[in-house]
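In what follows, every heavy atom counts, from backbone to side chain, and hydrogens, waters and symmetry copies are set aside. Remember, it's 1-based here, ligands and their atoms both numbered in the order they're listed.
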Amino acid sequence: MIFIWTSDLDTGIEIIDEQHKRIVDYINMLESARRKKDRQAVAHVLDELVDYTCSHFAFEESLQVEAGYIYATPHKAVHAIFIKRIASYQEKHNAGEDVAEKLLAMLGTWLVHHIKRDDMAYVAEIKNQIDVIVQDKEQAGWLSRSLGMFFK
Ligand SMILES: [Fe+2]
Ligand SMILES: [Fe+2]
């Protein structure tokens, strides 16, 4: 099923929303590879999705630490558990199992749930500080540097 972005997933922080939308793009690319029954393409998109998602997580975690978000550590743990879950699907896929459909269902459900519950929670808590941090750091060149550091 194609994942359609809906406005209730907008956090209001543009840079975060752009990254979330890009993850959705990867999920949709994965769905199209699955439909074509192209196992190699599934593996390739999955690698890219994991790579990009890890970068997004690292970026989000650094913003939370900068803003002094009290739940930064548990949020980071939730990200780590998710990456482990995807890794186990990747292993199964590489071992020849047909897991793409299950994986896609998990990805969509997890992302919606995580954005609506966990990401919205930190945004609501530190929105003002994040705006200031992003603005300050943008001026100081931090944003482009850290984007370059987290995203290839
Ligand atoms: Fe998150
Ligand atoms: Fe996020």
Side-chain angles (χ1 to χ4, degrees), residues 1-34 42-93 99-152:
M1 211 170 69
I2 292 297
F3 189 137
I4 295 166
W5 185 267
T6 48
S7 58
D8 56 345
L9 295 170
D10 284 326
T11 64
I13 298 175
E14 207 184 322
I15 195 157
I16 295 292
D17 292 333
E18 279 169 16
Q19 292 172 10
H20 286 161
K21 284 175 186 165
R22 179 101 184 259
I23 296 174
V24 168
D25 289 341
Y26 278 117
I27 293 176
N28 286 333
M29 280 192 263
L30 196 61
E31 168 66 2
S32 106
R34 181 195 73 82
V42 167
H44 179 71
V45 176
L46 197 48
D47 278 348
E48 291 194 329
L49 183 142
V50 169
D51 209 50
Y52 187 81
T53 304
C54 284
S55 300
H56 163 67
F57 285 170
F59 181 76
E60 207 175 72
E61 287 157 13
S62 79
L63 274 186
Q64 291 178 15
V65 170
E66 284 264 332
Y69 181 49
I70 51 165
Y71 298 118
T73 305
H75 196 114
K76 186 175 177 168
V78 168
H79 287 165
I81 290 168
F82 177 65
I83 292 297
K84 267 194 189 163
R85 270 173 83 183
I86 306 187
S88 83
Y89 276 102
Q90 259 178 321
E91 271 173 36
K92 285 180 188 160
H93 176 83
V99 291
E101 201 169 344
K102 265 194 202 160
L103 169 64
L104 273 153
M106 187 282 278
L107 287 172
T109 309
W110 188 91
L111 190 66
V112 166
H113 189 74
H114 182 69
I115 292 176
K116 284 190 178 174
R117 192 191 57 177
D118 303 325
D119 287 352
M120 292 297 187
Y122 86 76
V123 167
E125 188 86 8
I126 58 177
K127 171 100 175 80
N128 294 339
Q129 294 159 74
I130 281 197
D131 285 344
V132 172
I133 288 169
V134 170
Q135 240 170 37
D136 282 359
K137 306 292 182 184
E138 215 162 22
Q139 278 161 10
W142 173 89
L143 197 63
S144 56
R145 274 204 309 279
S146 60
L147 283 172
M149 190 168 82
F150 297 126
F151 298 92
K152 278 178 222 152

Does the shortest distance from the Fe ion (ligand 2) to an N/O/S atom of H114 fall below 2.8 Å?
no
Assess whether salt bridge (Lys or Arg N to Asp or Glu O under 4.0 Å) is satisfied between R34 and E31, documenting all intermediate values.
CA-CA 5 Å; R34 181 195 73 82; E31 168 66 2; 3.0 Å; yes
With the Fe ion (ligand 2) at the centre, find the angle made by NE2 from H20 and OD2 from D119, to 10°.
80°
The Fe ion (ligand 1) as vertex, arms to OE1 of E60 and NE2 of H79: angle to 10°?
90°
For the side chain of N28 and the backbone of F3, is there at least one donor-acceptor N/O pair under 3.5 Å apart?
yes
Heavy-atom closest contact (R85 atom, W110 atom, distance)
NH1-CD1, 3.9 Å
Metal proximity, H75 vs the Fe ion (ligand 1), N/O/S cut-off 2.8 Å
yes
Show your reasoning for whether ring-ring contact (aromatic ring centres under 6.0 Å, His included) applies to Y122 and H75.
CA-CA 9 Å; Y122 86 76; H75 196 114; 5.5 Å; yes
